[in-house]
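Notes to accompany the following structure.
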Amino acid sequence: MGGATAAVITDPAAQVELSVVVPAYNEEQRLAPTLDAIRAHLGDSCAWELIVVDDGSGDGTVRVAREAAAGDPRISVVVSETNRGKGHALRLGVLASYGRRVLVTDADLATPIEELDHLAKAMTEGETAAAIGSRARPGARIEVHQSRLRETLGRMGNRLIRAVAVPGIHDTQCGFKLFDGDKARAAFADARLDGWGIDVEILQFFRRRGWPVAEVPVRWSHQEGSKVGAADYGKVLWELGRLKARAVRRVDLVLGALYLLSTVLLYKNLWGDLGRSYLSDSMQDQNQWEWFFAVTADNVAHLRDPLFTTVQNFPDGVNLMGNTPMLGLSVPFAPITLAFGPTLTWALVLTLGMAATAYAWYWLFARRVTENRWAAGLGGALAAFAPPMISHANAHPNFCVLFMIPLIIDRALRLCEGRAIRRDGLVLGLFTTYQIFLGEEVLLLAALGMALFALSYALARRDVARAAIRPLAQGMAYAVGVCLVLVAYPLYRQFAGAQSYHSVLHGDSAGNSPLALIEFAGRSLWGDDTTADRLALNRTEQNAFYGWPLVALAFALVVRLWRRPLVKALAFTGVAAAVLSLGQKIRIPYTDVVFTGPWKLFAHKPLFESVIEGRVAMICAPALGALIALGAGRLALGRTRVIRAAGFTAIALALLPIVPTSFPTNARPEVPEFISSGMWKKYVGPGESLVPVPLPDPGSAEALHWQSSTGLGFSVPGGYFNGPWGPDRIGIYGASPRWTSNLFGDIRSGKPIPDIGTDWQNQARADLAYWHAGVLVLAPQPQAPQLYETVSRLLGGKPGTKVGGVWIWDVSQVR
């Protein structure tokens, strides 16, 4: 028994109906009355044994126990040489028992022994594996209360335990529990905790094995001299953490490490030189996202409004809620951004976020699709690293950091099961709220995908659908209620606040070509940039490109597993999403035939009108991931080695072509000394802006890097963001155009300098006044001479001054 000695009097050959285990530590004064009460209640009702486990007491506990044992052969004593805790004592006692049922009770009998009858009745009538005393269920009676502090700590601890360990059990810590004997011995043999957390560990073991547990209301009275102190509640939480760590399987750790290694390899060039590396395919998005992270951190540090700023697009400002700053991550990452700069935050969010997304999909597939965790891991990798996700991983963390989506899907499925409707509904509302602060368009696409899946599954399993309607509706009411309360004000600011807009229109040709669904992405092993560029809007919008081998494998799996309702639903969801992604107009490849696509039904509906329809094909990634996980799991159970080898070879050949390659980077331009050294401060007064030439816009946003890398000390007009244009507040990318900003943009693009006369100069003066310009700054760039001449003419021939590596014009007096 590992350091314990036992004097077991019960004859192991006899059939013991009930074993009562009493852990005792320094219980010299209370133990004898407790043992007498137990003996008196049990009497000759059945064959029983009573096991007292001394946990290294320093008083006469052992003497009292042995005196009782000397007078009754049904009492035995187990002695631990050192005090190791209640969990250790219970483990010794239960493993020394022989009873068909085992009762564990505290030495103070806070729950009277007479309550055993209620537990036994509940076990018999409910055919459960255990019946546990509860002080939290209706019908329980607290005859003597603990102190207010201890009761508060107990309630808080129980809520946390329910949330993370054994949901549904309201009181895990009541020291009065009746178990099936064999199951109890199996559970305690597996247990590792020595302290108060043993109750949670045992109940968690029963739940893992699917053994039902009944929670029975009991009488309970606080006993003076209790060994449970306030600090012990903290110890329970510590042991709860150990339990969660122990519950992690080796495969979980291995897959998590592989996902993280994969994302590190994807971004190895970025991590190689964070100070200067710029993702080549991100266009201007890396500058934009680093600025989002920087401005959020600055708002947090100075307790400013996190939903609005005038640092960009001065003086009108930017509605941050109407953009994608991912407040759900940029806010908690603010300390890192402030300490180490936004580029590190950018790299961390992408690297950790994609790994977390893969793990979340793996977790969902392991719970809902296949019992084979390696197969689920393969499906999770496909869902997270599919070509559309890799394309967005160059520039759009809001479209590739999707770890909340599997959690939302799982919680919705729990609602359909109807076990804990209110709890699951409230949790779904909280999850949805958090996802809104990570990415709203992704949430909309996820909802569309879930609706397609639900519709097709309901058609395949009408009985399941009918049973799920009521709990799902009730739970959704809870979810919508809590979500609306939390996001009502942010959404009001987004859609009706300053610089809000109605929609961002992308035209009627933003859908995928049918060829894009079977071609290979530019940054995959079999990919070709020329082909992919021809079929996509740009390299961050390669929203399909699953490759014909994967499409063929998916078709074969659907045919082979068609009888399964899950496969029918996955197939419908994937095909429907692929067709919708073709857009409002579908052109048959290699012909001039064009017909109206089903996206036409959504194109002008609220919210959907801002969606780039090609992105709907991203829904196919988790559908394919689930299908591959299911197929791989079935293959692992194959009867012959030949079939398994052939099947896994087919999966490997289908996935190998779309394996992504590391993202290329290039050196970003150096921040001019005029900016980095703070020379600009001499020229930009309070309420004034620094005007880059040309103004930052979606095509050239290096000025945002000037801001984010130097602490956002100055504001700039223009910028790269979503904002309103015109009286109808139509959404556009960048600031509302002005004559002077358009002129600078034209010159940058290579157009000739127009004949600049008084009208142009007056307009420039008006624009500079509108921008509250303090200084114009022209950094080295391809069209710098032409831009220099343009600025000089607009300012009536005023020459620029070379300061800190740039040309500047002090215009605070000109306007």
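Since the structure is predicted, the reported quantities are computational estimates derived from the model, not experimental observations.
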Any side-chain heavy atom of [X] within less than 4.5 Å of one from [Y]?
| X | Y | value |
| --- | --- | --- |
| F663 | D281 | no |
| D252 | R373 | yes |
| E519 | R534 | no |
| P696 | W706 | no |
| I658 | W526 | no |
| L486 | L430 | yes |
| Q499 | N313 | yes |
| R414 | V427 | no |

Can you measure from [atom1] ([X]) to [atom2] ([Y]) and round to the nearest 0.5 angstrom?
| X | Y | atom1 | atom2 | value |
| --- | --- | --- | --- | --- |
| T370 | L630 | OG1 | CG | 6.5 Å |
| F545 | L517 | CZ | CG | 9.0 Å |
| W361 | L378 | CH2 | CG | 15.0 Å |
| E541 | L535 | CD | CG | 14.5 Å |
| M404 | L407 | CE | CG | 5.0 Å |
| F555 | L627 | CZ | CG | 12.0 Å |

*Is it the case that T540 and N394 place a side-chain donor and acceptor less than 3.5 Å from each other?*
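Side chains of T540 and N394: no pair found under 3.5 Å.
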
*With a 3.5 Å cut-off and no angle check, do the side chains of N543 and H392 form a donor-acceptor pair?*
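Side-chain D/A pair, N543 to H392: present.
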
*F608 vs W599 aromatic rings, parallel, tilted or perpendicular, using cut-offs 30° and 60°?*
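Rings of F608 and W599: perpendicular, as their planes differ by over 60°.
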
*With N512, which residues qualify under side-chain hydrogen bond (donor to acceptor under 3.5 Å, both in side chains), at least two apart?*
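S581.
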
How close do [X] and [Y] get, heavy atom to heavy atom, and via which atoms?
| X | Y | result |
| --- | --- | --- |
| Q288 | L704 | CA-CD1, 4.2 Å |
| T337 | A294 | CG2-CA, 4.0 Å |
| C620 | A577 | SG-CB, 4.0 Å |
| P549 | P657 | CG-CG, 4.3 Å |
| F385 | S262 | CZ-CB, 4.2 Å |
| F308 | N299 | O-ND2, 4.1 Å |

Can any side-chain N or O of [X] pair as donor or acceptor with the backbone N or O of [Y] at less than 3.5 Å?
| X | Y | value |
| --- | --- | --- |
| Y501 | N319 | no |
| Q435 | G439 | yes |
| S277 | L274 | no |
| T296 | F293 | no |
| S330 | P325 | yes |
| T661 | L525 | no |
| S391 | P387 | no |
| Y259 | G377 | yes |
| Q542 | A536 | no |
| Q284 | Y720 | no |

*Do M450 and T573 pass the side chain to side chain contact (heavy atoms under 4.5 Å, CB included) test, and can you show the C-alpha distance, the side-chain angles, and the key distance before you say yes or no?*
CA-CA 8 Å; M450 292 168 67; T573 302; over 6 Å; no

_Could you walk me through whether L320 and V318 satisfy the side chain to side chain contact (heavy atoms under 4.5 Å, CB included) test, starting with their C-alpha distance in whole Å, then the side-chain angles of each, then the deciding distance to 0.1 Å, before giving a yes or no?_
CA-CA 6 Å; L320 292 174; V318 176; 4.2 Å; yes

*Ring centres of Y359 and Y362 under 6.0 Å apart?*
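Between Y359 and Y362, the centre distance is under 6.0 Å.
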
[X], [atom1]: over 12 other non-hydrogen atoms inside 6.0 angstrom:
| X | atom1 | value |
| --- | --- | --- |
| R634 | CZ | no |
| F340 | CZ | no |
| W271 | CH2 | yes |
| E371 | CD | no |
| R367 | CZ | yes |

_One pair to check against side chain to side chain donor-acceptor pair (under 3.5 Å): S282 and W289. What are the steps and the verdict?_
CA-CA 10 Å; S282 73; W289 276 98; over 6 Å; no

_V567 vs L557, side chain to side chain contact (heavy atoms under 4.5 Å, CB included): CA-CA, chis, key distance, verdict_ = CA-CA 9 Å; V567 172; L557 287 173; over 6 Å; no

_S715/T310 under side chain to side chain donor-acceptor pair (under 3.5 Å): CA gap, chis, key distance, verdict_ = CA-CA 7 Å; S715 296; T310 57; 4.8 Å; no

*Member of D285, L402, V349, L438 meeting the side chain to side chain contact (heavy atoms under 4.5 Å, CB included) criterion with P397*: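 Of the listed residues D285, L402, V349, L438, the side chain to side chain contact (heavy atoms under 4.5 Å, CB included) partner of P397 is V349.
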
*asked:* Using a strict threshold of under 4.0 Å (side-chain N to carboxylate O), is an ion pair present between R668 and E290?
replied: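 Looking at E290 and R668, the cut-off is met.
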
*Do E440 and M321 pass the side chain to side chain contact (heavy atoms under 4.5 Å, CB included) test, and can you show the C-alpha distance, the side-chain angles, and the key distance before you say yes or no?*
CA-CA 10 Å; E440 296 172 74; M321 191 64 198; 4.1 Å; yes

